[in-house]
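Data block below; observations after.
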Amino acid sequence: MKFYHNISKLYTPIGFTRAKGALAMGQIREITNAAILTDDDGLIEAVGTYAEVAVKLAAAPWSPDAINCRGLVALPGFVDSHTHAVFMGERSMEFGLRAEGRSYQEIAQAGGGIRSSVEQVRGATAEQIADYSRKYILSALKLGTTTLEVKSGYGLTAESELALLQAAAQLGRETPMEIHTTFLGAHAVPKGVTQADYVHQVIHDQLPKVVKQNAAAFCDVFCDEGYFTNQETREILLAAENSGLKLRMHADELADTGGASLAVELRAYSADHLLKVSDAGIQALAASDRTIATLLPTTALSLRAPYAPARSLIDAGAAVAIATDCNPGSSMTENMQFVMTLAVIGMQMSVQEALTAATLNGSAALGLERTHGTLELGKRADFVLYDIPSLAYLPYHIAVSDVISVIKNGMIVSGEQL
């Protein structure tokens with residue numbers, strides 16, 4: 001057992017299900033002079049004011065390790081529910097081309113984009129990919145993320161997709177980061193293969209091998225103009241669901257194709273990007289009891305695109321999550337604190353809504369809302385201590401990190417040992 005005390009303020013969403021809509025997403029519990037008691041399994045045994053937790057502490061059969069948090073502020077660890085953080089090679093040249101005015105589609109047609117990363121991944125072993133990507137995983141942990149989703153999608157063959165997923169799993173074992181994997185074979189069509197043949201490969205070759213090795217919990221498809229059609233997406237995701245995988249979707253990023261509505265129809269856990277989502281898509285997400293609208297503001301910033309309509313989604317009643325989309329092409333960041341800043345400044349979310357989106361709703365996008373994403377009795381003791389005066393200071397302090405210590409399963413795993 002561990003007893004974290006002298007926490008000046010603790011801020012957390014509340015709930016073992018997703019928070020939904022403007023009112024619910026804005027409801028944050030604030031505790032002054034807080035304390036957290038964790039058990040030997042890394043769960044929260046008690047959380048509240050020092051006086052409240054002291055009552056529980058007095059009844060404990062033995063004295064826990066007492067950790068003085070020095071008046072720091074505690075928040076739930078970030079749940080980054082959409083990343084491509086395992087890859088090989090960087091694509092800074094494309095960043096320069098966008099600075100010259102080239103579009104995402106133009107860069108892809110010129111040989112850049114996803115296919116550029118594919119060329120660098122193919123031929124690499126899972127061990128080599130893990131070695132290359134480890135620094136990004138550890139950086140995300142240092143910046144306050146305690147749970148991370150990682151997609152494949154830079155292999156586009158069964159062998160290379162598996163290598164990416166195996167690398168992600170290896171990093172989950174070798175670092176304190178909790179990693180959840182997603183199979184994204186339908187990320188793009190590789191050179192020399194027709195669209196129809198590649199969809200057949202994803203369904204009948206890649207997917208069965210991923211399932212056989214239990215290499216992923218989710219299946220995702222890039223459903224958008226120039227990538228995979230709604231019908232192709234439906235076929236791939238239904239095959240994945242029949243194989244036991246949970247569903248996610250890249251939707252309505254480059255054009256309104258009705259992807260958000262399709263994600264809701266298929267009961268996907270999330271519809272992600274949504275830069276071009278229609279009013280009908282917003283209403284479908286608002287009516288869903290499953291699908292989280294996952295918004296990726298650093299991608300919009302990098303692509304010089306208008307932000308997703310977070311305000312319209314929240315006010316309609318949709319549950320919104322935010323994530324980094326960490327990837328070598330369109331969002332080279334693992335800093336969720338900066339994502340919160342963009343959510344507030346660029347997408348007109350309140351500070352409280354942005355915290356919910358970065359924690360509880362990110363958990364719901366991974367089906368983890370009953371165990372992660374808030375600081376409540378029985379949940380994982382995943383929290384971060386910040387040197388800030390208040391919650392609002394977090395997004396206010398732009399493009400930096402105020403993290404002092406990161407606690408995962410009740411143990412300090414990054415930053416200062418208090």
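Both backbone and side-chain heavy atoms feed into the values below; hydrogens, waters and symmetry mates do not.
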Parallel, tilted or perpendicular, judged at 30° and 60°: which one describes the rings of [X] and [Y]?
| X | Y | value |
| --- | --- | --- |
| Phe222 | Tyr227 | parallel |
| His250 | His273 | tilted |
| Phe3 | His5 | parallel |

How long is the gap from [atom1] on [X] to [atom2] on [Y], to the nearest 0.5 Å?
| X | Y | atom1 | atom2 | result |
| --- | --- | --- | --- | --- |
| Asn33 | Ser8 | CG | OG | 9.0 Å |
| Thr146 | Asp382 | OG1 | CG | 4.5 Å |
| Glu178 | Glu149 | CD | CD | 12.5 Å |
| Tyr386 | Leu391 | OH | CG | 10.0 Å |
| Ile179 | Leu171 | CD1 | CG | 5.5 Å |
| His82 | Ser331 | NE2 | OG | 8.5 Å |

Would Leu313 and Leu295 count as a side-chain contact (heavy atoms from CB on, under 4.5 Å) here? Give the steps. CA-CA 10 Å; Leu313 283 157; Leu295 310 184; 4.0 Å; yes

Answer with yes or no whether the side chains of [Y] and [X] bring together a donor and an acceptor at under 3.5 Å.
| X | Y | answer |
| --- | --- | --- |
| Asn335 | Thr333 | no |
| Thr175 | Arg134 | no |
| Lys142 | Ser401 | no |
| Tyr198 | Gln206 | yes |
| Arg70 | Asn6 | no |
| Thr157 | Arg122 | no |
| Thr229 | Gln231 | no |
| Gln166 | Gln170 | no |
| Glu376 | Thr12 | no |

Between the side chain of [X] and the main-chain N/O of [Y], is any donor-acceptor distance below 3.5 Å?
| X | Y | answer |
| --- | --- | --- |
| Glu161 | Gly153 | yes |
| Asn409 | Arg380 | no |
| Ser133 | Ile129 | yes |
| Arg248 | Ala365 | yes |
| Arg18 | Thr291 | yes |
| Gln337 | Asp402 | yes |
| Asp80 | Thr324 | yes |

Taking atom [atom1] as the centre, does [X] end up with more than 12 heavy-atom neighbours from other residues, nucleotides or ligands that are less than 6.0 angstrom away?
| X | atom1 | result |
| --- | --- | --- |
| Asp279 | CG | no |
| Glu225 | CD | no |
| Phe95 | CZ | no |

Does a side-chain N-to-carboxylate-O contact under 4.0 Å join [X] and [Y]?
| X | Y | value |
| --- | --- | --- |
| Asp252 | Lys276 | no |
| Arg267 | Glu241 | no |
| Arg234 | Glu265 | yes |
| Glu334 | Lys135 | no |
| Arg102 | Glu94 | no |

Nearest heavy-atom neighbours spanning [X] and [Y]:
| X | Y | value |
| --- | --- | --- |
| Val277 | Pro309 | CG1-CG, 3.6 Å |
| Ala158 | Asp205 | CB-OD2, 3.9 Å |
| Ala260 | Gly281 | CB-CA, 4.0 Å |
| Ser270 | Thr294 | CB-OG1, 3.6 Å |
| Cys219 | Leu245 | CB-CD1, 3.9 Å |

For Thr356, which residues count as a side-chain hydrogen bond (donor to acceptor under 3.5 Å, both in side chains) partner, sequence neighbours excluded?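 Thr356 satisfies side-chain hydrogen bond (donor to acceptor under 3.5 Å, both in side chains) with no other residue.
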
Determine whether the aromatic ring centres of Phe383 and Tyr4 lie less than 6.0 Å apart. yes

Step by step, would you call Lys379 with Thr374 a side-chain contact (heavy atoms from CB on, under 4.5 Å)? CA-CA 7 Å; Lys379 284 200 169 184; Thr374 70; 3.0 Å; yes

Is the positively charged end of Arg290 above the ring of Tyr269, judged by distance under 6.0 angstrom from the centroid and angle within 45° of the axis?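 Yes, a cation-pi geometry holds between Arg290 and Tyr269.
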
Qualifying residue for side-chain contact (heavy atoms from CB on, under 4.5 Å) with Thr83, from Val150, Ile137, Asp325: Val150

